[in-house]
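Labels below follow one simple rule: chain letters A, B, ... track the order of the sequence lines, proteins then strands, and each chain is numbered from 1. Note that the structure is a prediction, hence the values are computed from the model and not measured.
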Amino acid sequence: MDFELEPTLESIINQDTLKWVFVGGKGGVGKTTTSSSVAVQLALKYPQDQFLLISTDPAHNLSDAFCQKFNKNATPVEGLPNLSCMEIDPEAAMSDLQQQAAQYNNDPNDPLKSMMSDLTGSIPGIDEALSFMEVLKHIKNQKENAESPDSNTISYKTIIFDTAPTGHTLRFLQLPATLEKLLGKFQDLSGKLGPMMSMLGAGQQQDVFGKLNELQKNVSEVNEQFTNADLTTFVCVCISEFLSLYETERMIQELMSYNMDVNSIVVNQLLFAEDDENCKRCQSRWKMQKKYLDQMSELYEDYHLVKMPLLGTEIRGVENLKRFSKYLLTPYDPKADGHLVYDIEEQ
Amino acid sequence: MVSFDLYPSTLLVTVLTVLLFKKIIEVVGKKNIQDLTWRSYCQVAGKLGHSKLSEISNKSSEARKVNLQRKAVSAQDEYAKWTKLNRQHDKLLAEIDQLNQGLASEKAGVVKYLGLLISVLTTLPIWFFRLWFRKAVLFHLPPGYLPYPIERLFGLPFVVLGGVGLTVWMFSVNSVLTSLEFLIKFPFETPVEKPSPVDKSKVEEVKHQN
């Protein structure tokens, strides 16, 4: 078997069926830049369709990447109207949910009052599942809100996620089986204890179980979508250093254990310093980066390995992103495209 | 009626043996014995062709080999090789884990039967002897050698006056064994520091504020 996969993200951009693109990696490797670049390229490729870029990182930096203030409502990017961005803090969404529950239920003697938080505390992953569901609900609401005033239906062709460095937002994917079992038990329980509970005056709290059932349904639905390689893909971002590669390997193994499709790795911040005789440090560092690149191409031969250069400044603003993201599709050639390094305008 | 009789000397030695056995188990610990037995059961049964167990032992020796290899490789210089070994190791561990889970019920069974066997071998004979030989006389004391109340005590519960029965014999064997255990263990115990008198000048008086 001697065919190499092209070192670009073209397959992702060209894949017409994709609905979800996740971009993940450890902090500081250029996740936000990469996810913005992917989003920009998608938006450029399909000008007729709408795209949504979401950051679930509590340390939001989409605003900085696009030099435009975003909030938790989808806002179109200036200069690229078919791409919208939003910044959501899943934790905040979560506490909103709990507050809602607390408001709804203001009986201090209710034994079931703390049930929701106890539950979310006791099962690993359910926390993430709930917060992720909140995010999804929020996206859905966006669509509906956008529908009514403009009367033209906005439905996003692809939603790009800029995940938090921990990537734990996806941990719930391993849990559908556990949840299913648990909720099955709960259903039994609510069937058996239902009458007693309503006697205790907890009638309205019956819908705790209802909520959990709904959650389970949602989780398995989402799970089905996310494990379908036609609909969802994951782009790993790393830099060519030992620890970053190690973490990436861990992440890929974890994602594979959730049956998620991972076929692209973006190696960021490469120096390409072969012809740079003046900078000894660049050369020796580039030598080190090349060492790890070689190892990577041996390890990940069935992945798209995209090599991206380290530029002179931070990549900010739509125009700069457009320039940079071009090289996600055509491999960066340091000789021909070297001007890119200093081309980026400072904002 | 079933008759079952032993010479007093045989009875004496048998009881001594059983109590010694019980003491040893107590000192070693039931749990340790069970663990040890399970481990040796795994080894023996694995060699005798227990498919799962031999698979586990194969896999774990392989995992150990891979781990050694991985440790011999520099992670930073030969990242690809190291990671491949890592993957292999993780995979083996996961497989072993799964196999072990499958064996859990078997382990529970072995441990349960061993526990039962230990109880039967230690507790049951003692109670049997106590009941069956409740009237058996192990020793005779010269008549009038000890004051009446003490002779009565030695004869508890059902032995004729002037004889020494099983209960007293078991009691004395047990206390000798406990003392022996103490004597053997004592030198290996961590010494407790001798308490030194508290320097009064360094103690601050706590005043109660009421």
Side-chain angles (χ1 to χ4, degrees), chain A residues 1 4-5 7 25-26 29 124 171 173-174 177-178 181 236-260 262-263 265-270 284-305 307, chain B residues 31 34-35 38-39 42 46 50-112:
Chain A
M1 209 179 83
E4 287 225 335
L5 287 166
K26 285 283 143 182
V29 296
R171 198 168 63 157
L173 284 179
Q174 86 197 108
T178 324
K181 230 186 269 172
C236 294
V237 186
C238 67
I239 55 179
S240 193
E241 276 173 30
F242 172 70
L243 214 54
S244 181
L245 294 195
Y246 178 72
E247 299 286 1
T248 308
E249 164 74 14
R250 291 266 138 208
M251 188 168 72
I252 290 176
Q253 297 299 333
E254 201 183 333
L255 289 169
M256 273 162 51
S257 76
Y258 310 153
N259 294 320
M260 253 188 117
V262 193
N263 58 23
I265 303 173
V266 175
V267 190
N268 231 335
Q269 301 180 6
L270 295 174
S284 75
R285 194 141 188 96
W286 168 232
K287 209 174 119 194
M288 176 207 85
Q289 292 185 335
K290 267 202 298 191
K291 179 181 89 180
Y292 286 118
L293 274 181
D294 288 343
Q295 306 284 326
M296 279 189 93
S297 50
E298 190 186 331
L299 262 180
Y300 304 110
E301 45 191 5
D302 41 359
Y303 288 75
H304 299 280
L305 268 184
K307 294 166 191 161
Chain B
K31 184 141 193 337
Q34 282 169 337
D35 284 350
W38 171 246
R39 239 174 287 155
C42 284
H50 189 303
S51 64
K52 262 190 186 167
L53 281 170
S54 55
E55 212 179 325
I56 286 182
S57 72
N58 283 344
K59 288 237 159 91
S60 41
S61 70
E62 205 179 323
R64 237 172 288 136
K65 229 187 283 166
V66 170
N67 196 23
L68 276 180
Q69 269 177 35
R70 186 181 62 166
K71 279 191 175 152
V73 169
S74 155
Q76 307 215 338
D77 290 337
E78 294 169 274
Y79 179 73
K81 193 177 168 194
W82 185 78
T83 306
K84 275 178 186 163
L85 288 171
N86 232 350
R87 283 181 193 168
Q88 212 178 330
H89 191 241
D90 286 354
K91 202 176 143 215
L92 281 171
L93 286 192
E95 280 170 6
I96 291 171
D97 212 40
Q98 208 158 22
L99 284 170
N100 267 330
Q101 270 174 14
L103 278 177
S105 62
E106 198 173 332
K107 180 177 178 180
V110 168
V111 164
K112 192 178 128 200

Stepwise side chain to side chain donor-acceptor pair (under 3.5 Å) test for B:Asn67 and B:Arg70: CA-CA 5 Å; B:Asn67 196 23; B:Arg70 186 181 62 166; 2.8 Å; yes
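For A:Tyr246, the parts lying under 4.5 angstrom from a heavy atom of chain B are both the backbone and the side chain. Heavy atoms of A:Gln253 lying under 4.5 Å from chain B belong exclusively to its side chain. Residue contact with chain B, scored on non-hydrogen atoms closer than 4.5 Å, is absent for A:Leu243. Heavy-atom distances place the side chain of B:Asp90, and not its backbone, under 4.5 Å from chain A.
Counting heavy atoms from C-beta on, the side chains of B:Lys65 and B:Leu92 never come closer than 4.5 Å.
How far CG of A:Leu270 is from OH of A:Tyr292: 13.5 Å, rounded to the nearest 0.5 Å. The line from CG of B:Leu99 to CD of B:Glu55 is 5.0 Å long, rounded to the nearest 0.5 Å. Separation of atoms CZ (B:Arg87) and OG1 (B:Thr83) is listed at 6.5 Å; rounding is to 0.5 Å.
Heavy-atom pairs under 4.5 Å with chain B were tallied for A:Lys291, A:Met288, A:Glu241; the largest tally goes to A:Lys291.
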